[in-house]
Participant: 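If you scroll down you'll find the structure; I have some questions about it.
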There are 2 protein chains.
Amino acid sequence: GYSTDEDDGTTNGEATGPLEGKAIYMVSDGTGWTAEHSVNAALGQFEHCLIDRACSVNTHLFSGVEDTERLMEIIKQAAREGALLLYTLVDPDMAEAAKHACRLWGVPSTDILGPTTEAIAAHLGVAPSGIPRGAPGRKAPLSEEYFKRIEAIDFTIKQDDGAQPQNLSRATIVLVGVSRTGKTPLSIYLAQKGYKVANVPIVMGVDLPKKLFDIDQEKVFALTINPVVLQTIRKARAKALGFGSDVRSNYSEMDHVREELEFANKIFAQNPVWPVIEVTGKAIEETAAVVVRIYHDRKKKYFLPRISKRY
Amino acid sequence: GYSTDEDDGTTNGEATGPLEGKAIYMVSDGTGWTAEHSVNAALGQFEHCLIDRACSVNTHLFSGVEDTERLMEIIKQAAREGALLLYTLVDPDMAEAAKHACRLWGVPSTDILGPTTEAIAAHLGVAPSGIPRGAPGRKAPLSEEYFKRIEAIDFTIKQDDGAQPQNLSRATIVLVGVSRTGKTPLSIYLAQKGYKVANVPIVMGVDLPKKLFDIDQEKVFALTINPVVLQTIRKARAKALGFGSDVRSNYSEMDHVREELEFANKIFAQNPVWPVIEVTGKAIEETAAVVVRIYHDRKKKYFLPRISKRY
Ligand SMILES: Nc1ncnc2c1ncn2[C@@H]1O[C@H](COP(=O)(O)O)[C@@H](O)[C@H]1O
Ligand SMILES: Nc1ncnc2c1ncn2[C@@H]1O[C@H](COP(=O)(O)O)[C@@H](O)[C@H]1O
Ligand SMILES: [Mg+2]
Ligand SMILES: [Mg+2]
């Protein structure tokens, strides 16, 4: 896991000199999110060492780096800090300048996206534009996809936590599960990908909305979780909400947690069309991957399940 | 822009034979989101050719590929479809098997994440684990970051569209702007990154909540947009909501749009501490990058603005 610098009040980098731990500089002519996403995934390969701070890493993201001057300043600073430099720069002159300066100043460096772009260029037989996203004059068109994503987010927010069951038929995906199985963050993650999601909470002894059983049952996905883990999450939740342990609430009591999960499992058994997805120990994006995979496979039974898009 | 296959009713791949357009296969032992994100960014370099379907690309994402058998089936299918294969496989045997089979069967291929992971390994002096995310027994710990992200999402949803102004002081970032400047999707995008966001709409002739002026003014970010583009977005919105053009609504009328933006700009001029961010032609993630950059730079005035995290 990581912590953003806003949490600990310490300052990194040139202001106070280098911190303990190795520095990774990420440089992009765009938002930097691609570099951040890739580095995050790659750092997963070093969890065995990061987890107890046996090794420790500080990442520094520099976005919108569009001119050589700023690029050179960053590389000089990387040299001073002994940092690794990972970059995504689409202008061939900028990429070349980065490579050259890094070699000159002894900064290890890797182009994160270059090889992928080159492979696609060779495959399509078309040269890359070399123009960064957000370059002046490059106005992104208001694409259908743009509107679709925004509509999905608006819809999903309005349907959170069982609100407006009359709209369930308009959802692409409906999630059901007890409190704190991650329905809300999962809904939001899927909405960002363009799916209109509704989530419906299962509460001990409360009937699910009738409407849920009238819609296409292949849209419904059930979430389940290990009771011990759920109790941990609920305790953290209760603390965040400021319930003391003295408050008369059985929300996070073990017996209640177990009974509520059994209540949910009974409902799931009565609705065998709903896939039951185990979320224990999974990150939100991992559960999302499972939901999306099943969703697409149900629509088109491929020999090899896949998620396809057309550009 | 892209469309998911769910929209057009066509089927791709082995069910009906190859579509026109080049195929890109993405294979991951994890969720596949890293490959998808990278390919999306790389495809931005071919917009000049994709935009009018002068060239056309079909991507196919295969996630959770954890055994060689399934991997080989996918590569064989890629060979049949004449696809490019881009992969993220952390088990060295799997990565080697992919490379070897692709060479054997004439499938062009690139390892998307390998070079980044190797660069980090060399920098840290630590070997990568070679264990995929989500491998059996690898339970992700419920980290502080996990709870922080979920809390940020819950908070942000509740504060959407000016709700509960009494909570504004608990937000990390507050967005203000007229309707359809993208406040909601931007809030959600930032929430996913762990920021607690509140957004407050500016409506012609309506006073902003007093509370907005009591909180730390350095948290507030103003959004502005070109009136012609805003009108286009509002028209699409009105259509999506089912307002006919005959409905007595000046929501998307040009004069009203201009006046409302002028009303907003006057408020921004009275609050010079608020950065005014131009969203015209920017994707949500681009605006997010600008907000986050300013946010971090305000907290720590670096010579070279950066966003730092500790792992
Ligand atoms: N739509 C796009 N058009 C052109 N280049 C893009 C696009 N999206 C991403 N890129 C490039 O891909 C790399 C990663 O983008 P980012 O995630 O914004 O840092 C940068 O070098 C961007 O310039
Ligand atoms: N937390 C993690 N631990 C180990 N490997 C990871 C982690 N996150 C991502 N990866 C690996 O990074 C690559 C991209 O991940 P994904 O975006 O899930 O496809 C895959 O090969 C994953 O196995
Ligand atoms: Mg919820
Ligand atoms: Mg809104």
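Note on naming: letters A, B, ... go to the chains in the order of the sequence lines (proteins, then strands), and numbering restarts at 1 for each one.
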Participant: For the CG atom of B/Leu43 and the CG atom of A/Leu124, what is their distance to the nearest 0.5 Å?
Facilitator: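 Reported value, rounded in 0.5 Å steps: 7.5 Å.
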Participant: Looking only at heavy atoms, what is the nearest atom pair of A/Tyr25 and B/Arg306, with distance?
Facilitator: OH-NH2, 3.0 Å
Participant: Look only at the side chain of A/His37 and the backbone of B/Ser38, and say whether a donor-acceptor pair between them is shorter than 3.5 Å.
Facilitator: no
Participant: If you tally heavy-atom pairs under 4.5 Å against chain B, which of A/Leu50, A/Asp111, A/Val126 wins?
Facilitator: A/Val126
Participant: Which bit of A/His123 is near chain B, if near means a heavy-atom gap under 4.5 Å: side chain, backbone, both or neither?
Facilitator: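 Both backbone and side chain.
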Participant: For a quick test of reading the model, state the closest non-hydrogen atom pair linking A/Thr34 to B/Ala41 and the distance between them.
Facilitator: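 Looking at all heavy atoms of both residues, the closest pair is OG1-CB, 3.6 Å.
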Participant: Does any non-hydrogen side-chain atom of A/Phe303 lie less than 4.5 Å from one of B/Glu73?
Facilitator: yes
Participant: Given that the side chain runs from C-beta out, which part of A/Leu84 has a heavy atom under 4.5 Å from chain B: side chain, backbone, both or neither?
Facilitator: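 The answer is both parts of A/Leu84.
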Participant: What residue in A/Gly130, A/Gly125, A/Gly30 has the most heavy-atom pairs under 4.5 Å with chain B?
Facilitator: A/Gly130
Participant: I need the residue from B/Val90, B/Thr88, B/Ile24 with the largest number of non-hydrogen atom pairs under 4.5 Å to chain A.
Facilitator: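 Most pairs with chain A among the choices: B/Val90.
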Participant: Side chain, backbone, both or neither: which part of A/Ile188 has a non-hydrogen atom closer than 4.5 Å to chain B?
Facilitator: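 Both parts, heavy atoms under 4.5 Å.
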Participant: Closest approach of A/Arg70 and B/Pro305, non-hydrogen atoms and distance?
Facilitator: NH1-CD, 4.5 Å
Participant: Which bit of A/Thr110 comes within less than 4.5 Å of chain B, counting heavy atoms only: side chain, backbone, both or neither?
Facilitator: side chain
Participant: So do the side chains of A/Arg237 and B/Asp154 get within less than 4.5 Å of each other, counting heavy atoms only?
Facilitator: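 In contact.
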Participant: Please tell me if the side chains of A/Ile150 and B/Arg180 come closer than 4.5 Å, counting only heavy atoms from C-beta onward.
Facilitator: yes
Participant: Identify the heavy atoms of B/Ala127 and A/Phe46 that sit nearest to each other, and give their distance.
Facilitator: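 Here B/Ala127 and A/Phe46 meet closest at C-CE2, 4.0 Å.
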Participant: From B/Arg310 CZ over to A/Thr59 OG1, what is the distance, rounded to the nearest 0.5 angstrom?
Facilitator: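 Rounded to the nearest 0.5 Å, the CZ-OG1 separation comes out at 10.5 Å.
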Participant: Under the rule for side-chain contact (heavy atoms from CB on, under 4.5 Å), what residues qualify as partners of B/Ala152, not counting sequence neighbours?
Facilitator: B/Lys196
Participant: May I ask you to test the A/Lys309-B/Leu61 pair for a side-chain heavy-atom distance under 4.5 Å?
Facilitator: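 No, side chains not in contact.
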Participant: In terms of heavy-atom proximity below 4.5 Å to chain A, should B/Ala83 be classed as side chain, backbone, both, or neither?
Facilitator: backbone
Participant: Measure distances from B/Ile74 to the heavy atoms of chain A and classify the residue's part below 4.5 Å as side chain, backbone, both or neither.
Facilitator: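 The answer is both parts of B/Ile74.
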Participant: For A/Ile153, is it the side chain, the backbone, both, or neither that has a heavy atom closer than 4.5 Å to a heavy atom of chain B?
Facilitator: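 The side chain, not the backbone.
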Participant: Any chance you could measure A/Ile284, atom CD1, to B/Thr31, atom OG1, to the nearest 0.5 Å?
Facilitator: 12.5 Å
Participant: Most heavy-atom pairs under 4.5 angstrom with chain A, which of B/Gly134, B/Pro128, B/Ala42, B/Ala191?
Facilitator: B/Pro128
Participant: So for A/Ile120, is it side chain, backbone, both, or neither that comes closer than 4.5 Å to the heavy atoms of chain B?
Facilitator: both
Participant: When heavy-atom pairs shorter than 4.5 Å are enumerated against chain B, which of A/Val290, A/Ile157, A/Val229 gives the highest number?
Facilitator: A/Ile157
Participant: Measure distances from A/Ala23 to the heavy atoms of chain B and classify the residue's part below 4.5 Å as side chain, backbone, both or neither.
Facilitator: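 Contact with chain B involves the backbone of A/Ala23 alone.
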Participant: With a 4.5 angstrom heavy-atom cut-off, could you sort out which part of A/Ala236 is near chain B: side chain, backbone, both or neither?
Facilitator: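 A/Ala236 touches chain B through side-chain heavy atoms alone.
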Participant: Minimum heavy-atom separation for A/Phe62 and B/Leu304, please, with both atom names.
Facilitator: CE2-O, 3.8 Å
Participant: Could you tell me which of B/Pro132, B/Gly32, B/Ala122, B/Ala121 has the largest number of non-hydrogen atom pairs under 4.5 Å with chain A?
Facilitator: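 Top count of heavy-atom pairs under 4.5 Å with chain A: B/Ala121.
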Participant: Sort out for me which of A/Val57, A/Thr156, A/Val292 touches chain B most, counting heavy-atom pairs under 4.5 Å.
Facilitator: A/Val57
Participant: At what distance, to the nearest 0.5 angstrom, does CH2 of B/Trp33 lie from CG of A/Asn40?
Facilitator: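 Reported value, rounded in 0.5 Å steps: 16.0 Å.
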Participant: Could you look at A/Glu118 and say if it's the side chain, the backbone, both or neither that has a heavy atom under 4.5 Å from chain B?
Facilitator: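 Neither part.
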Participant: I'd like to verify something: which residue of B/Thr232, B/Val39, B/Ile131 has the highest number of heavy-atom pairs under 4.5 Å with chain A?
Facilitator: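 Most heavy-atom pairs within the cutoff with chain A belong to B/Ile131.
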Participant: Side chain, backbone, both or neither: which part of A/Arg293 has an atom under 4.5 Å from a heavy atom of chain B?
Facilitator: side chain
Participant: Go through B/Ala119, B/Pro115, B/Ser63 and name the one with the most non-hydrogen pairs under 4.5 angstrom from chain A.
Facilitator: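 Most pairs with chain A among the choices: B/Ser63.
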Participant: Nearest heavy-atom pair of B/Tyr189 and A/Gln192: which atoms, and what distance?
Facilitator: CA-NE2, 3.6 Å
